[in-house]
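So the structure is just underneath, and the comments pick up after that.
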Amino acid sequence: MLTRDCRLGGIQITDLPRYFERVHGRVPIDSLKASWLIYGKGFRQTWLRGFVKRGFDIIVTAVLLPIALPIMVVMAFLISLDGGTPIIYRQERVGRRGQRFTLLKFRSMRIDAEHDGQARWASNDDERNTRIGRFIRRTRLDELPQLFNVLLGEMSFVGPRPERPHFVDMLSREVRYYDVRHCVKPGLTGWAQLRYPYGASVGDAEEKLTFDLFYVKNHGLVFDLMILLQTVEAVLFHRGAR
């Protein structure tokens, strides 16, 4: 009755998910209802939003690629000295609308890192990392080849990080609304990467999803620029690197 009286008296009422989202920059999954996803504000994937985002990706890639190419040549040389070939690691990932694509990275682990064919999450100070691999993962230089994924339109600069099909299948069964993150392109960096340390469990994936859902709901040019600027800060100070 009190809530109704406040509403009729002209006082704005905010429900728990919206309040939690505003304060913490994340969407609480436990109290989230499907009706809120369907009828609530946000989660709009309009052609204009997609056009602006794609234009932003192309412009930033055109600026960064000439700068990154000399660094990539040096990285390729160091990797070949440290562990031979292959230099570029290709791995299948799940992108927008569940479409699979080949993600490109500089190889940072031993060639036999998954010799038994069993998919494993990477961890901090993973013993499978090579000497140069530890450095390029800490500085995130291993992600530079993904500029070509962005150029091809398979990824965006900002978005949820793409996962491997094995983990996507498992997490879609274990975590509510996990598939919602696939309504936008995966990104080189993202809101969840800035706000949550690198995780390697179902519980970590669920926590990161709360930030991914916040991004999917609210993403736009200004938000993307803010995330990119914070990513530069994180790289320079090695904050959140894995």
Side-chain angles (χ1 to χ4, degrees), residues 25 44-80 86-91 93-97 99-108 132-163 181-196 198 208 211-212 214-242:
R44 297 187 303 272
Q45 308 301 324
T46 64
W47 71 268
L48 180 59
R49 180 179 280 192
F51 179 80
V52 171
K53 190 172 181 64
R54 180 59 181 157
F56 175 78
D57 288 339
I58 292 174
I59 292 172
V60 176
T61 304
V63 172
L64 289 183
L65 201 53
I67 300 172
L69 280 175
I71 301 174
M72 293 170 68
V73 171
V74 174
M75 289 298 100
F77 176 71
L78 293 176
I79 292 169
S80 66
I87 295 170
I88 299 295
Y89 183 59
R90 295 171 171 83
Q91 191 175 73
R93 298 289 178 102
V94 178
R96 187 184 182 194
R97 296 174 180 170
Q99 295 182 346
R100 300 186 181 189
F101 69 98
T102 301
L103 179 135
L104 304 176
K105 296 181 69 172
F106 280 127
R107 182 174 60 81
S108 59
I132 188 65
R134 284 190 288 271
F135 169 74
I136 63 176
R137 288 178 72 87
R138 187 171 64 250
T139 57
R140 302 191 183 182
L141 291 173
D142 62 323
E143 311 284 359
L144 283 179
Q146 289 165 46
L147 289 172
F148 294 103
N149 288 118
V150 175
L151 198 61
L152 292 171
E154 298 166 331
M155 293 179 62
S156 180
F157 263 96
V158 181
R161 284 295 295 168
E163 269 293 358
R181 70 198 298 275
H182 295 133
C183 69
V184 297
K185 288 181 182 179
L188 272 166
T189 185
W191 184 236
Q193 276 61 47
L194 291 174
R195 300 299 297 272
Y196 193 83
Y198 185 72
K208 292 184 73 172
F211 295 106
D212 283 334
F214 180 86
Y215 175 78
V216 172
K217 181 185 178 187
N218 299 287
H219 76 86
L221 182 59
V222 175
F223 194 16
D224 282 4
L225 283 170
M226 186 194 76
I227 291 173
L228 280 178
L229 290 175
Q230 291 189 21
T231 299
V232 172
E233 177 189 356
V235 171
L236 291 176
F237 295 98
H238 298 168
R239 180 167 56 84
R242 72 262 186 209

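Judged as a side-chain hydrogen bond (donor to acceptor under 3.5 Å, both in side chains), the pairs with a partner in residues 144-155 (not counting sequence neighbours) are, in order, Glu143-Gln146, Gln146-Arg161, Asn149-Glu154. Residue pairs that meet the salt bridge (Lys or Arg N to Asp or Glu O under 4.0 Å) test with at least one member in residues 220-230, sequence neighbours left out, are Lys53-Asp224. Within the structure, no pair that satisfies the side-chain hydrogen bond (donor to acceptor under 3.5 Å, both in side chains) test touches residues 63-76, not counting sequence neighbours.
By the salt bridge (Lys or Arg N to Asp or Glu O under 4.0 Å) test, Asp142 is found to be paired with Lys105, residues two or more places apart in sequence or in another chain being considered. Partners of Phe77 according to the ring-ring contact (aromatic ring centres under 6.0 Å, His included) rule, which considers only residues two or more places apart in sequence or in another chain, do not exist here. In this structure, the side-chain contact (heavy atoms from CB on, under 4.5 Å) partners of Pro162, at least two apart in sequence or on a different chain, are Arg93, Phe101, Leu103, Met155, Pro186. With sequence neighbours left out, Thr231 forms a side-chain hydrogen bond (donor to acceptor under 3.5 Å, both in side chains) with Thr189. Taking the side-chain hydrogen bond (donor to acceptor under 3.5 Å, both in side chains) definition, one finds that Arg96 meets it with nothing, sequence neighbours left out. In this structure, the salt bridge (Lys or Arg N to Asp or Glu O under 4.0 Å) partners of Arg100, at least two apart in sequence or on a different chain, are Glu92. Taking Phe106 as the reference, nothing meets the ring-ring contact (aromatic ring centres under 6.0 Å, His included) condition, with sequence neighbours excluded. Qualifying side-chain contact (heavy atoms from CB on, under 4.5 Å) partners for Val52, counting only residues two or more places apart in sequence or in other chains: Leu48, Leu221.
A distance of 8.0 Å separates CG in Leu104 from CG in Leu152, rounded to the nearest 0.5 Å. Here Ser156 contributes atom OG and Phe56 contributes atom CZ; the two are 8.0 Å apart, rounded to the nearest 0.5 Å. Here the straight-line distance linking atom CG of Asp212 with atom CZ of Arg195 works out to 12.5 Å at 0.5 Å rounding. How far CD1 of Ile136 is from CG of Leu144: 9.0 Å, rounded to the nearest 0.5 Å. Expressed to the nearest 0.5 Å, how far CZ of Phe211 lies from OH of Tyr196 amounts to 8.5 Å. Once rounded to the nearest 0.5 Å, the distance linking CD of Gln91 with OG1 of Thr102 reads 10.0 Å.
Across all their heavy atoms, Tyr215 and Val158 have their closest contact at OH-O, 3.3 Å. The shortest non-hydrogen separation linking Lys208 to Ala192 is O-CB, 3.6 Å. Nearest heavy atom pair, residue Thr61 against residue Asp57, reads OG1-O, 2.6 Å.
Proximity of Leu147 to Leu188: side-chain heavy atoms (C-beta onward) are separated by under 4.5 Å at one or more points. Contact check for Leu225 versus Phe157: no side-chain heavy atoms found under the 4.5 Å cut-off.
The 12-atom threshold is exceeded at CZ of Arg54, counting heavy atoms of other residues, nucleotides or ligands nearer than 6.0 Å.
In this structure, Arg107 contributes its side chain and Ile87 its backbone to no donor-acceptor pair below 3.5 Å.
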Which pairs of donor and acceptor atoms, one on a side chain in residues 62-69, lie under 3.5 Å apart (sequence neighbours left out)?
none

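For Phe223 and His219, the distance between ring centers is not under 6.0 angstrom.
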